[in-house]
Amino acid sequence: MSDRYDFKTIEAKWQKKWDEQDMYAVRDFGNRPKYYCLEMFPYPSGKLHMGHVRNYSIGDVIARFKRMNGYDVLHPMGWDAFGLPAENAAIKYGAVHPAQWTMDNINAMREQLKQLGISYDWHREVATCHPGYYKWTQWLFLQLYHRGLAYKKKAGVNWCPSCATVLANEQVKEGTCERCKSLVEKRELEQWFFKITDYADRLLADLKKLEGWPEKVKIMQENWIGRSEGAEITFAVEGHDETITVFTTRPDTVYGVTYMVLAPEHPLVEKLVEGREQALEIKQFADRVRRQSELDRTSAEAEKIGLFTGAFCINPLNGERVPILVANYVLMEYGTGAVMGVPAHDQRDFEFARKYNLPIRVVIQPAGEELHPDTMAEAYTGDGVMVNSGPFNGTPSREGIKAVTRYLEEKGLGHGRVNYRLRDWLISRQRYWGAPIPIIYCDKCGVVPVPEDDLPVLLPMDVAFKPTGRSPLEEHPDFVNTTCPSCGGRARRETDTMDTFMCSSWYYYRYTSPRDENNPWDPEKVRRWLPVDQYIGGVEHAILHLLYSRFFTKVLYDMKLVDNEEPFTNLLTQGMVLKDGAKMSKSKGNVVSPEDIVAAYGADTARLFILFASPPERDLEWSDQGVEGCYRFLNRVWRLVAPLAGSLPAVSIQGNGKLVGVNKEMHRITHLTIKKVTEDVGNRFNFNTAISAIMELVNAMYQFREVPETDRQPWVLREAVDALLLLLAPFAPHIAEELWELTGHEGSVHQQPWPSYDPEAIVEDEITIVVQINGKVRDRMLVPADIKPQEMVDLVMQQERVRELIGGKKVIKTIPVPGKLVNVVVK
RNA sequence: GCCGAAGUGGCGGAACUGGCAGACGCACACGACUCAAAAUCGUGCGGGUUAUCCCGUGUGGGUUCGACUCCCACCUUCGGCACCA
C-alpha cells in the first residue's frame, strides 16, 4: 500500500477509525481550557456546495489546531432544517413530504461532511425541525411573549407573492425578496413581531466590544440600526384639538419651517381633510401610495408628489401659520410619520419647495457667505449662525440644536429624542414547514399563550400541499380547532409559523445540551462553553442572522438564562467561491461539485486547495489546475515520506550544538517552518501562506535527501518528517494520519501536541545584507549575524564595488538597518 | 448619492512593524528519463532582443535616506445602504 498515494483507501480507513474511536467527541467539563469553534450550520438543500466546503474546511483547521494546542474544542454541526425549499418541493412534486425530503437531505449531507473528514462531535448534532428542538424554539417565543417582547400588530408589511408569505425588513433587498428576487408588495396584515427596537441602543453600543469582528460587518450593523439624535416637536393644528408631532435632527432650523408634510398613511390625514374639497383627491392619493411596492415607493428617482390638505398648523416657536401637505416621500414607519419642511436647509425639502412654489426661508447663515432664497441652487446643510430666529439670532447652529431643544422642553412643546431606523422583527410566516407559533385565540379570553407543559405544539404530518398561497395549517381542522387553556372553551390555534431565523438565533446554545428534554440547555454547560470563541460563515448574514442572534443573546442575558452578553467573540467572514470570475450558480453553468472533486482527488486535496488558493476573507477563484497542483503536492509528500517508513531512527530529539552545513540548514528550516505555520494559523488565519511554508519545507527535504547518506544526520530527517506531518495534520488530516502511522508512531497524529520551535535552531551565523546607494539596491554581502550597525557601515564602505559606485560623489550619510541593509546617501 | 473593501507577472496570490517586489502554486518553455507517451526529476520564466544598466505594484502628486506599504486627489471593480427627516 505504501508505494503510491491511495487516497480512497486511506481516507475511508481513517474516517472509519476516527468514528469507531469517537475521536472528536468532547468532554463537557475537562480540565483543559475550552474553545468553541463554530461554523454556520447549513440549510439541508441536498448537497454540499463549494461554499460549504470552504466554510467547514476553515473551521476544521482551526478546531484541529486548537485541539493540538491543548484545548477542549467544542466543534459541532447541525441543520437549519425548516424552510421554504422543502415545502416548495412537496408542492411541486407532490410525492415527498417536507419532513422526509429534509431528512433525506440531512443524511446525504452528513455523509458528505464525513467524507471531507471534518472533525465534528456528531453526538451533538441538532436539526431545528425536530420536535425536541423546536419545542424550545416555541418555549423561547413564550419567554419573549411574557416579557412583552413578542406582540401582534396590524401593519403595512412586506409580502412576497412568489413565496406566499410576509418577510422581515432584513429579508427585502432593493424592494425585492432576497430569496426569490420577486418584487415585494405592501399588505396590511396583523402579524407577530419581536421588539428588537427595544434593544437598538445596546445592539449598537456593544458593537464596540466586538474587537474580534470585521470592521465591515460592524459598520453594516451600525448603519442598519441607524441611530440619529434630534428632537420631537409638537405643532398645534388650527381649528382642531389635534396636534402633529415631528422628529427632526435639526431643531435649530424650526424658524425656517414653511410647510408641514404628513405620510399618506398618517392617521390624522382623514380627519384633517374631512368635509373639505380636497378630501376625495387626498384619499385616492393615499390609497395609491399605499398599494405601491416598496421599490416604487422608495426609489430615489421616484417623483416627489405632494398635495395640500387645506389645513394649517402653528409653528410653536414663532406662531406662524404653516400649510399641511401630504406627500409620498414621507414614510409612516420612521419617526412620527410627519416631517417639518425646511427647504433652505434640507435638500429634499428644497427640491419639493421649488416644485410646488413653497416659500424658502434662510435661518442658518454660513460664515463668509450670504445665502438668499432666490439665488440658492441647493439647500445649505452645513454649520452657520442662526438668523430670522427670534431670541436665538446669533447662536451658532451646533449650539442652537441644544438651545432650541432645551427651550422646547421648558415650554413643554417638545423634547430631545433618539430615533433608530431599525424596525421590529416580523416573525410570522404563512407557511407550513416551520415551528408553529404557540398561541391560541379564544373568543372569551383573547390571545392565550400555549402553556409550557403543552409544548411542543406539534406540526401535523398529514397535510395537503397545494399551491393555494394559504398555509396548509389553516386547512387542517384538527390542528386549528383546540380548547382554550384558560377557560376550556372552543378556541383556534395560530396557524402562522415562525421565521426560520428564529430557529437559528439560538442553536449555538443547544449544542451544549442537544438532548436535554427538560431544559433548552444546562446552564452549567452554557457557562462552560459560551460565548463562541470563533464563528465562521458567509458575509451575507452580516445583518440578518448575526443581528438576530445578538438580540436573542441579550434577551437571554436579561432573563439570566446565560452569562454572556454577546454570542460570538470572534467572527470570520469567508469570501465567496467563484468560477470564471462569477459566483457558482446553476443558471451560469459554472458549478463545480465537491463530490466530483473528492471522488477524483480525495478530501485532503479538496481541502488543501480551497485553503491554499486565497486567504479566507477574500473571494476564491476556482481553478481545476490549482486542484491538480495540490494533488501533486500530496503525492510529493507521500513519495518523500512513505519510502522512509522503516529507516528512520526512533527518536528525533538530539543535541543540536554540533550541527553544521546541510544538517544545520535542514534543522533550521524545520524550525523556521514550525514558527511560520504556527503564527500564520494561530494569529492570522492565513492558511494559504502556512501551506506555502509547508511546501517549502517539503522542497527543502527533497534537497536534503539528495545529500549522500554519510553526510546526513538521520535524526534531522526524522525531525523534519515528524514536523511535516504534525503541521500538515489540520489541513490534510487523512494523509497525515496514515503517514504518521507508517513512520512508526503510536497514537493519532491529531492527538499530538502542536510542535514548538527552538529559537536557537533558527539563528543563522551569517546573513545576507543589501547595500543601497541612494535607496537603490546595488550589491549584497554576507556578514556575521551578530554584527553591530557601525561595523556594517564600515564593512560596506570598504567594499571595492561600493567605492566604484560612489565615485567622486560625496557621502552625506549612511543608514544601517540591523539585519537588513545599509543605505549610503551620496550627492 | 452615501458608507466600506480591493486594484501587484499570462493566472491564483506573497511581501506581517516603511527596508532585496513577485515567496508558494498554476500555466508556459527547455532539458533528463523513456522505443514513445504519461508520470517524475532538473533548469528558466515581470518588461526593455544584450546587462554589474534602466523601467515596473490602477493614475497623478507628496512625505522619506528608502514607499506595494504613510498622506492628498482621481480612475476602475466589487459589496452594503438608498427619500430615514
Side-chain angles (χ1 to χ4, degrees), chain A residues 4 173-175 214-224 226 228 230 246-250 253 261 297-302 304 327-331 333-342 346-349 351-352 419-423 539-540 542-543 575-576 578 581 608-609 612-615 617-630 632-633 635-636 639 676 679-680 683-684 686 688-696 698-699 702 706 768-780 801 804-805 812-815 817-826:
Chain A
R4 59 175 254 274
K173 304 275 173 212
E174 292 179 0
E215 212 55 38
K216 170 171 73 166
V217 174
K218 288 191 278 187
I219 289 168
M220 280 166 71
Q221 290 210 357
E222 197 178 313
N223 292 342
W224 190 261
S228 61
V246 298
F247 172 75
T248 177
T249 54
R250 295 293 302 273
T253 64
V261 212
R297 174 80 185 268
T298 59
S299 110
E301 291 93 59
K304 292 181 179 54
N328 58 348
Y329 76 90
V330 179
L331 307 172
E333 296 83 12
Y334 184 77
T336 60
V339 176
M340 62 184 210
V342 186
D346 180 282
Q347 187 57 25
R348 266 174 327 212
D349 295 351
E351 287 163 20
F352 191 73
N419 232 320
Y420 296 94
R421 293 174 65 173
L422 181 71
R423 304 193 198 152
V539 74
E540 66 272 18
I543 294 171
M576 288 186 296
L578 310 177
L608 197 70
F609 168 72
F612 177 62
S614 159
E617 320 80 49
R618 262 206 258 174
D619 287 349
L620 180 154
E621 177 67 32
W622 184 266
S623 157
D624 291 333
Q625 282 154 340
V627 177
E628 295 259 7
C630 287
R632 269 204 292 271
F633 169 70
N635 274 286
R636 222 166 121 74
R639 286 195 310 271
K676 170 85 174 149
E679 286 167 1
D680 282 357
N683 307 342
R684 313 198 300 162
N686 277 10
N688 55 332
T689 51
I691 293 166
S692 293
I694 297 172
M695 288 172 169
E696 286 180 84
V698 170
N699 291 345
Y702 265 86
E706 296 302 306
T768 303
I769 64 161
V770 161
V771 181
Q772 293 184 342
I773 310 287
N774 288 344
K776 291 191 191 276
V777 180
R778 280 297 116 99
D779 202 6
R780 278 157 238 268
R801 167 130 179 83
E804 257 172 54
L805 285 161
I812 297 171
K813 63 170 159 178
T814 52
I815 299 150
V817 180
K820 295 237 161 78
L821 55 79
V822 173
N823 188 12
V824 182
V825 185
V826 300

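Throughout, a chain's letter reflects where its sequence line sits, starting with A, and its residues are numbered from 1.
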query = Can you tell me how far C1' in rU69(B) sits from the matching atom in rA14(B), rounded to whole Å?
reply =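 Roughly 14 Å separates the two C1' atoms.
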inquiry  = Can you check the distance between rU8(B) and rC68(B), where both ends of the measurement are the P atom (answer in whole Å)?
reply    =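 So the two P atoms sit 15 Å from each other.
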Measuring from the side chain of [X] (C-beta onward, heavy atoms only), which nucleotide among [options] has the closest atom?
| X | options | answer |
| --- | --- | --- |
| Thr248(A) | rG80(B), rA85(B), rC24(B) | rA85(B) |
| Ile219(A) | rA15(B), rC83(B), rG4(B) | rG4(B) |
| Asn328(A) | rG19(B), rC83(B), rA15(B) | rC83(B) |
| Arg684(A) | rC16(B), rA85(B), rG4(B) | rC16(B) |
| Arg639(A) | rC41(B), rA15(B), rC65(B) | rC41(B) |
| Pro615(A) | rG4(B), rG13(B), rA82(B) | rG13(B) |
| Asn823(A) | rC41(B), rA15(B), rG19(B) | rG19(B) |
| Ile815(A) | rA27(B), rG19(B), rA82(B) | rG19(B) |

So, is [X] close to the [N] phosphate, meaning a side-chain N or O under 4.0 Å from OP1 or OP2?
| X | N | value |
| --- | --- | --- |
| Arg632(A) | rA27(B) | yes |
| Asn688(A) | rA14(B) | yes |
| Arg778(A) | rC54(B) | yes |
| Asn699(A) | rA23(B) | no |
| Ser228(A) | rA85(B) | yes |
| Lys216(A) | rG4(B) | no |
| Lys173(A) | rC81(B) | yes |

With a non-hydrogen cut-off below 4.0 angstrom, is [X] in contact with a base, only sugar-phosphate, or nothing?
| X | result |
| --- | --- |
| Glu679(A) | nothing |
| Val339(A) | base |
| Gly629(A) | sugar-phosphate |
| Val246(A) | nothing |
| Val777(A) | sugar-phosphate |
| Asn419(A) | nothing |

Do [X] and [Y] come close enough that some side-chain heavy atom pair is under 4.5 Å?
| X | Y | answer |
| --- | --- | --- |
| Val339(A) | Val246(A) | no |
| Arg250(A) | Val342(A) | no |
| Ile815(A) | Gln772(A) | no |

query = Counting a pair only when it is Watson-Crick or G-U and both distances are under 3.5 Å, which runs of at least 3 such pairs involve RNA chain B?
reply =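 The stems are B:1-7 with B:75-81, B:10-12 with B:24-26, B:28-32 with B:40-44, B:46-48 with B:53-55, B:58-62 with B:70-74.
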request  = First locate atom OH of Tyr329(A), then atom CG of Asp349(A), and finally report the distance between them rounded to the nearest 0.5 Å.
outcome  =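 Result: 4.5 Å between the selected atoms.
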request  = Could you tell me whether the side chains of Asn223(A) and Arg421(A) share a donor-acceptor contact shorter than 3.5 Å?
outcome  =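 No.
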ask   = What about Lys304(A), does its side chain sit under 3.5 Å from the base of rC83(B) through a donor-acceptor pair?
value =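 By the distance-only test, yes, there is a pair.
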task = Summarise how protein sits on nucleotides 7-12 of chain B as a single string, 5' to 3': B when a protein heavy atom is under 4.0 Å from the base, S for sugar-phosphate-only contact, - for no contact.
result = -----B
task = Grab the two heavy atoms, one from Asp680(A) and one from Ala690(A), that are nearest each other, plus how far apart they are.
result =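 Closest approach of Asp680(A) to Ala690(A), heavy atoms only: OD2-N, 3.4 Å.
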